[in-house]
Amino acid sequence: MQDYLKKKGRIFDIQRYSIHDGNGIRTIVFLKGCVLRCRWCCNPESQSYEIQTMMVQGRPKIVGRDVTVEEVMEIVEKDRAYYRRTGGGITLSGGESLCQPEFSTALLKAAKESGISTAMESMGCAEWEIIDGLLPYLDQYLLDIKHMNPRKHKEYTGRSNELMLENAMKIARSGKTELSIRIPVIPGFNDTTEEIRDIAAYTKQLPNVKRIHLLPYHRLGQDKYEGLGRTYLMGDVPPPENNKMEELLKTAGEISGIECQIGG
Ligand code: SF4
């Protein structure tokens with residue numbers, strides 16, 4: 001057996017038949033661990049690398065398990081026929097997959113070697129060498145850009161944005177992977193035309209961007225905070241209205257000149 005198939009990583013879920021996280025029908029592997037703490041995060045159980053207990057509908061649920069690349073690939077392989085018909089494959093998500101660089105790289109490599117298309121959702125918050133090391137095995141990068149203002153980025157996510165923006169440019173310039181930019185639209189954080197315009201203007205400077213996705217804030221993760229004994233910092237903030245999203249979509253399209261869509 002190839003050594004990289006024995007590589008171990010920590011995940012908290014695998015979801016089959018997803019149609020919102022890359023091209024075609026996909027299997028999503030959710031990795032544990034993230035360097036950000038976005039206030040709106042809908043997967044708070046992804047943030048800590050530690051294995052946790054979360055209360056779900058009054059019952060304790062263990063979140064997180066250690067698996068090998070080979071074990072994950074056994075599940076991913078089950079839907080090979082769907083991938084072939086729809087142009088789908090495997091998507092790494094999280095958390096931030098770059099927090100487990102060796103496991104992520106080995107998993108992408110294993111998929112590529114067995115002829116399965118690869119994608120990754122990530123905000124690019126890692127040393128460039130790590131990203132550069134996995135690009136040869138990555139067909140599609142779904143890269144988050146959340147805000148252009150470093151101070152506001154830090155206030156709402158816990159980290160400034162310089163490294164992520166720098167990496168966005170390097171990924172785009174490499175031309176090694178299909179690149180889509182994802183903007184989570186969060187009320188009170190970045191949901192003004194000015195803020196979306198600034199992100200769209202930066203995205204316009206990135207070569208080879210195929211599409212921009214505007215992802216409307218939703219409250220689906222709210223109960224998980226309670227289950228983890230944490231406070232949901234978004235309070236009662238409602239999701240953005242459809243007409244607001246349409247307005248921001250128009251702005252993003254006009255400024256960037258890139259095809260834009262609402263949703264993944
Ligand atoms: S980057 Fe994603 S996974 Fe990490 S805290 Fe933010 S929303 Fe959650």
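When a ligand or atom number is given, it counts from 1 through the structure's own listing order.
Counting only protein N, O or S atoms, the number found under 2.8 Å from atom 6 (Fe) of ligand 1 is 1.
Those atoms of ligand 1 that come under 4.0 Å of a heavy atom in S46, given as number and element, are 3 (S).
Annotation: side chain to side chain contact (heavy atoms under 4.5 Å, CB included) contacts of Q57 (sequence neighbours excluded): none.
Residues H147 and F189 bring their aromatic ring centres within 6.0 Å.
Y82 and T27 share no side-chain donor-acceptor pair at under 3.5 Å. Under 3.5 Å, the side chains of E113 and Y137 contain no donor-acceptor pair of N or O atoms.
Taking 4.0 Å as the cut-off between side-chain N and carboxylate O, E195 and K152 count as a salt-bridged pair. The pair K6-E70 does not count as a salt bridge, with every side-chain nitrogen at least 4.0 angstrom from each carboxylate oxygen.
Looking from atom 3 (S) of ligand 1 to the surrounding protein, the closest heavy atom is G95 N, 3.5 Å.
In this structure, S256 OG and E254 CD are separated by 9.5 Å, a value rounded to the nearest 0.5 Å.
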